[in-house]
**Student:** 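Let me give you the structure first, and then I'll get to my questions.
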Amino acid sequence: MLGRRRRDREDRRGTPADLLVVGLANPGAEYEGTRHNVGAEVVHLLAERHGATLRKGKERALSAEVPVAALGGRRLALAIPLTYMNLSGEAVAPLVRRHGIDDPHRLVIVHDELDLPVGQLKVKVGGGLAGNNGLKSVKAHLHTDDFVRIRIGIGKPPGKAQGADHVLKRPGKADRAELDVVVQDAADAVELILTDGPARAMNRYNTRPTPG
């Protein structure tokens, strides 16, 4: 998908974005504030920071482009799929074409991560998908897994609780406080990727001590 540059040029109107940031989530009010939707929270925060308004488009997503003046001439596109998590690629693929993304390193997927402690943040380029169905869908539609991920730790479920139940619930007060902080950090990481690239963001955020 990312290699089909002719189609990218046909679908894109205007100057391509320097970075497309997609926050994975499930749609609907019943999922707002759940652990699974922290990626969307990051995108909402970035839109708020930079005066962008997320609107529904034909790509089955809420999306916006940040005013160039707010980022020193760089173009940042933001999106939240309106598909369910396991169908995320159905929205990401047309968003990639719309915003002229022909290099997977210019695509950042922000998502929750069971394998990280609550509040921990990791930046990753390519590699395994850790069973995340949203990432699997993106890979299937783009035919590559070499995109950038911002992984937000939500911790494993306690005891014998199932992971699916854990991610679809709203966190308790203590975990919510941790997530509020890491959502801010994740938005900062996006801005650093935009200005300095993913390697710089990995150096800054991947060496931090585990929260708590």
Side-chain angles (χ1 to χ4, degrees), residues 1-2 8 12 15-25 36-50 52 54 59 61-66 68 70-72 74-81 83 85 88-113 116 120-130 132-154 182-206 208:
M1 181 66 69
L2 289 175
D8 288 347
R12 172 67 184 177
T15 305
D18 293 297
L19 199 69
L20 167 61
V21 181
V22 179
L24 299 190
H36 224 18
N37 279 32
V38 291
E41 292 180 22
V42 174
V43 170
H44 279 296
L45 175 59
L46 285 163
E48 182 181 333
R49 280 186 182 182
H50 297 294
L54 294 161
E59 295 84 9
L62 297 173
S63 63
E65 289 195 34
V66 172
V68 175
L71 296 168
R74 294 180 176 87
R75 293 180 179 272
L76 175 64
L78 304 171
I80 301 168
T83 62
M85 179 77 75
S88 297
E90 295 181 5
V92 173
L95 285 164
V96 161
R97 291 194 297 271
R98 173 186 169 187
H99 294 288
I101 304 299
D102 55 11
D103 176 355
H105 289 185
R106 289 167 49 210
L107 170 64
V108 177
I109 305 292
V110 190
H111 64 92
D112 60 297
E113 179 61 72
L116 293 177
Q120 188 167 17
L121 173 70
K122 294 286 186 182
V123 180
K124 179 180 179 181
V125 180
L129 307 180
N132 184 300
N133 289 329
L135 296 180
K136 288 179 181 179
S137 178
V138 172
K139 178 182 178 180
H141 283 267
L142 298 184
H143 308 294
T144 181
D145 60 7
D146 201 28
F147 45 84
V148 182
R149 304 89 181 269
I150 295 180
R151 306 161 65 211
I152 296 176
I154 60 169
V182 76
V183 164
Q184 297 276 347
D185 288 343
D188 294 343
V190 165
E191 293 169 351
L192 186 59
I193 292 168
L194 178 65
T195 58
D196 291 23
R200 181 69 179 274
M202 285 188 283
N203 286 338
R204 176 172 297 182
Y205 291 98
N206 293 7
R208 288 185 172 185

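Remember, it's a predicted structure, so these values are computed and weren't measured experimentally.
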**Student:** Can you tell if the side chain of Glu65 reaches within under 4.5 Å of the side chain of Leu20, non-hydrogen atoms only?
**Tutor:** no
**Student:** Looking at side-chain heavy atoms only, is the closest gap between Arg74 and Val68 below 4.5 Å?
**Tutor:** no
**Student:** Could you tell me whether the side chain of Val182 reaches within less than 4.5 Å of the side chain of Gln120, counting heavy atoms only?
**Tutor:**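 Heavy-atom side-chain distance check fails, nothing below 4.5 Å.
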**Student:** Check the pair Phe147, Val108 against side chain to side chain contact (heavy atoms under 4.5 Å, CB included), reporting the backbone distance first and the verdict last.
**Tutor:** CA-CA 6 Å; Phe147 45 84; Val108 177; over 6 Å; no
**Student:** Return the minimal non-hydrogen interatomic distance between Arg106 and Gly100, and the atom names on each side.
**Tutor:**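 In this case the closest contact between Arg106 and Gly100 is NH2-O, 3.2 Å.
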**Student:** Looking at residues at least two apart in the chain, or sitting in another chain, which of them share a side chain to side chain donor-acceptor pair (under 3.5 Å) with Asp185?
**Tutor:** Arg208
**Student:** Does Ser88 reach the main-chain N or O of Met85 with its side chain, forming a donor-acceptor pair under 3.5 Å?
**Tutor:**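 Such a contact is found between Ser88 side chain and Met85 backbone.
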**Student:** Check whether any side-chain heavy atom of Leu46 sits under 4.5 Å from a side-chain heavy atom of Val66, and report yes or no.
**Tutor:**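 Leu46 does not reach Val66 side chain to side chain.
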**Student:** For residues Ser63 and Leu78, determine if any side-chain heavy atom of one lies less than 4.5 Å from a side-chain heavy atom of the other.
**Tutor:** no
**Student:** What closest approach, in Å, do Val43 and Gly23 show between heavy atoms, and which atom pair accounts for it?
**Tutor:** CG2-N, 3.4 Å
**Student:** Evaluate the side-chain proximity of Val96 to Val92: yes if any heavy-atom separation is below 4.5 Å, no if none is.
**Tutor:** yes
**Student:** Taking all heavy atoms of Ala25 and all of Ile80, pick out the closest pair and write down the distance.
**Tutor:** CB-CG2, 4.3 Å
**Student:** Considering non-hydrogen atoms only, spot the tightest contact between His141 and Ala93 and give its length.
**Tutor:** CB-CB, 4.0 Å
**Student:** Among side-chain atoms of Glu191 and His50, is any donor-acceptor pair under 3.5 angstrom?
**Tutor:** yes
**Student:** Examine distances only and state if a side-chain atom of Arg204 and a backbone atom of Leu192 form a donor-acceptor pair shorter than 3.5 Å.
**Tutor:**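 Pair absent, no side-chain N/O of Arg204 close to backbone of Leu192.
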**Student:** Check whether Arg49 reaches the backbone of His44 with its side chain - one donor and one acceptor, N or O, closer than 3.5 Å.
**Tutor:** no
**Student:** Without swapping roles, check the side chain of Lys122 against the backbone of Asn206 for a donor-acceptor pair under 3.5 Å.
**Tutor:**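 It does hold such a pair.
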**Student:** Quick check: does any side chain N or O of Arg151 sit under 3.5 Å from a backbone N or O of Arg149, one acting as donor and the other as acceptor?
**Tutor:**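 No, Arg151 side chain to Arg149 backbone: no donor-acceptor pair under 3.5 Å.
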**Student:** Of the non-hydrogen atoms in Asp188 and Tyr205, which two are nearest, and what is the gap between them?
**Tutor:** CB-OH, 3.2 Å
**Student:** Is there a side-chain contact between Ile150 and Val42 in this structure, where contact means two heavy atoms from C-beta onward sitting under 4.5 Å apart?
**Tutor:**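 They are not in contact (no side-chain heavy atoms under 4.5 Å apart), so the answer is no.
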**Student:** Measuring from Met202:CE to Lys124:NZ, what's the distance to the nearest 0.5 Å?
**Tutor:**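 If we round to the nearest 0.5 Å, Met202:CE and Lys124:NZ are 11.0 Å apart.
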**Student:** Would you mind checking if Asp18 and Arg75 are paired as a salt bridge, meaning a charged N to carboxylate O distance below 4.0 Å?
**Tutor:**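 No, Arg75 and Asp18 are not salt-bridged.
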**Student:** I'd like to check the salt bridge (charged side-chain N to carboxylate O under 4.0 Å, His left out) partners of Asp196; sequence neighbours left out, ordered by chain and number.
**Tutor:** Arg200
**Student:** Roughly how far, to the nearest 0.5 Å, is CG of Asp145 from NZ of Lys139?
**Tutor:** 4.5 Å
**Student:** What distance do Leu129 atom CG and His111 atom NE2 have between them, rounded to the nearest 0.5 Å?
**Tutor:** 8.5 Å
**Student:** What is the distance from atom CG of Asn132 to atom CD of Glu113, rounded to the nearest 0.5 Å?
**Tutor:**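 Output value for this atom pair is 7.0 Å.
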**Student:** Return the minimal non-hydrogen interatomic distance between Pro81 and Val22, and the atom names on each side.
**Tutor:** CD-CG1, 3.5 Å
**Student:** Rounded at 0.5 Å granularity, tell me how far CD1 in Ile152 sits from CG in Leu116.
**Tutor:** 10.0 Å
**Student:** Is any side-chain heavy atom of Leu135 less than 4.5 Å from a side-chain heavy atom of Leu24?
**Tutor:** yes
**Student:** Would Leu107 and Val148 count as a side chain to side chain contact (heavy atoms under 4.5 Å, CB included) if you check the C-alpha gap in whole Å, the side-chain angles of each, and the deciding distance to 0.1 Å?
**Tutor:** CA-CA 6 Å; Leu107 170 64; Val148 182; over 6 Å; no
**Student:** Does Asn37 use its side chain to pair, donor to acceptor, with the backbone of Ala40 at less than 3.5 Å?
**Tutor:**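 Not confirmed, Asn37 side chain does not pair with Ala40 backbone.
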